Protein chains: 2
Amino acid sequence: MVVLSSLMQIGELSSRAGVSHRTIHYYERIGLLKPAEREGAGYRYYDDNAFQRLEKIAALKKLGLSLDEIAAVIDLYFEDASGIKGKEKVLAILEAQLAKADAQLAELSTFRRDLISNIERMKSLIDGARETR
Amino acid sequence: MVVLSSLMQIGELSSRAGVSHRTIHYYERIGLLKPAEREGAGYRYYDDNAFQRLEKIAALKKLGLSLDEIAAVIDLYFEDASGIKGKEKVLAILEAQLAKADAQLAELSTFRRDLISNIERMKSLIDGARETR
DNA sequence: TCCAAATCTACACTACACGTCAGGTTTAGA
DNA sequence: TCTAAACCTGACGTGTAGTGTAGATTTGGA
């Protein structure tokens, strides 16, 4: 075997990131996530960066991006930024995502408030029914 | 024809709400949205309530709810809650959703913080490049 | 009355994001 | 060296959320 310092196999990555190994395979197929190393007979070895990529993918999915859209932007988060060309463009994308996140935070808060008031309403309706029994 | 004051047909509803008429049919099939009236030979007629339901559905979808989950709670927004049966069950659903919303809020906030630090980094890189020009 | 536009039903089909299964290979430790 | 656990590929299956299409019917206006 080759000692690949602090690399992990797909099983560990998948349990750490909370996704199945088939999902990781799938992400690889569509170009979202490559193993750091494919040693010998084909086992995949990942570094911590891969873990962070999975986290970022999950976060972007929650924002409502499709995997295709994620593939289009995720490298922005992991490439050496100083080498990136078109920094202004990247900045614009990041700021658009910030706007989206803020909008979603606002919606979520409203939803949360609605939920709480509905919960209260439900509780008092249930209590009312109990009293008149 | 029957004059149904201020009702609209599926075409108008769909363009107002920004969904296809096929989607509206689909929502009807799964019990999410019923026409106010089915006059004569089967044309569907909708009132403004239907429009608001579609908006609410879109909002809840954005929060990551499935159509099934939406079906389970949407009446709370439009029906007289006192008539709802299975209040305890509904309450449990609402509380689960609150927990979900809170988790999502936390994650989104983290994501937002990351975004901002990335944005700052980009900005200073851009400024740096300008200085050394 | 005639006709184009809108709508109807029903079935089939698609896209996305995985999951399942089968059969084979590799690895690491006893 | 042996073996169980981990991993591999490829093909096929699944759930969700719709979309497409065909052929028939209805509607409202000229």
Side-chain angles (χ1 to χ4, degrees), chain A residues 1-47 50 53-74, chain B residues 1-47 50 53-74:
Chain A
M1 94 172 256
V2 181
V3 174
L4 298 161
S5 62
S6 84
L7 292 185
M8 58 188 140
Q9 305 189 180
I10 198 169
E12 189 183 341
L13 177 63
S14 91
S15 65
R16 272 183 59 191
V19 302
S20 77
H21 67 281
R22 299 300 285 130
T23 295
I24 295 175
H25 285 165
Y26 177 63
Y27 286 177
E28 184 176 341
R29 234 171 28 83
I30 64 172
L32 261 183
L33 181 71
K34 276 181 232 321
E37 194 89 25
R38 254 188 103 195
E39 171 258 356
Y43 274 33
R44 295 166 174 85
Y45 294 90
Y46 298 92
D47 54 21
R53 263 179 103 93
L54 283 175
E55 300 253 282
K56 189 63 79 178
I57 290 167
L60 292 172
K61 274 185 34 173
K62 276 218 177 113
L63 282 181
L65 302 210
S66 71
L67 296 183
D68 253 34
E69 295 171 310
I70 292 172
V73 301
I74 193 166
Chain B
M1 93 170 258
V2 182
V3 174
L4 298 161
S5 61
S6 83
L7 293 185
M8 59 191 139
Q9 305 190 176
I10 199 170
E12 189 184 341
L13 177 63
S14 92
S15 65
R16 273 183 59 192
V19 301
S20 75
H21 67 281
R22 304 291 290 112
T23 297
I24 295 175
H25 284 164
Y26 176 64
Y27 285 177
E28 183 176 341
R29 236 172 23 85
I30 64 172
L32 260 184
L33 180 71
K34 276 180 232 319
E37 194 89 25
R38 222 75 212 248
E39 172 257 356
Y43 274 32
R44 294 166 175 84
Y45 293 91
Y46 298 93
D47 54 22
R53 263 179 103 94
L54 282 175
E55 300 254 283
K56 184 61 81 178
I57 290 168
L60 294 175
K61 272 186 35 174
K62 251 192 202 151
L63 294 176
L65 302 211
S66 71
L67 296 183
D68 253 35
E69 294 172 310
I70 292 172
V73 301
I74 194 169

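Note on naming: letters A, B, ... go to the chains in the order of the sequence lines (proteins, then strands), and numbering restarts at 1 for each one. Everything numeric here is computed off the predicted structure, so don't read it as measured data.
- Residues passing the side chain to side chain contact (heavy atoms under 4.5 Å, CB included) test with B:Asp47 are B:Leu7, B:Ala36, B:Asn49, B:Ala50, sequence neighbours excluded.
- Counting any heavy atom pair closer than 4.0 Å across all strands shown, A:Ile30 reaches no nucleic acid atom.
- Among the candidates A:His25, A:His21, A:Gln9, the single residue satisfying the side chain to side chain donor-acceptor pair (under 3.5 Å) test with A:Arg44 is A:His25.
- Where B:Gln9 and B:His21 meet DNA chain D, the nucleotide closest to each residue was compared, and B:His21 sits on the side nearer the 5' end.
- On a pure distance criterion of 3.5 Å, no polar donor-acceptor pair joins the side chain of B:Arg44 and the base of C:dT7.
- Dashed line: the shortest gap from a side-chain N or O of A:Ser66 to OP1 or OP2 of C:dC16 is not under 4.0 Å.
- At a non-hydrogen distance threshold of 4.0 Å, nothing from residues 57-65 of chain A comes into contact with DNA chain D.
- Note on B:Arg38: every side-chain N or O is 4.0 Å or more away from OP1 and OP2 of D:dT26.
- Distances shown here put every side-chain N or O of A:Thr23 at or beyond 4.0 Å from the OP1 or OP2 atom of C:dA17.
- Closest approach to the A:Tyr43 side chain among D:dG18, C:dC18, C:dT26 is made by C:dT26 (side chain taken as heavy atoms from C-beta onward).
- Residues from residues 11-19 of chain A with heavy atoms under 4.0 angstrom of DNA chain C: there are none.
- Nucleic acid contact class of A:Arg29 (heavy atoms, under 4.0 Å, all strands): none.
- A:Arg22 contributes a side-chain N or O that forms a donor-acceptor pair with the base of D:dG10 under 3.5 Å.
- Among the candidates A:Arg53, A:Arg38, A:Arg22, A:Lys34, the single residue satisfying the salt bridge (charged side-chain N to carboxylate O under 4.0 Å, His left out) test with A:Glu28 is A:Arg38.
- Between B:Tyr27 atom OH and D:dA17 atom P there is a gap of 8 Å when expressed in whole angstrom units.
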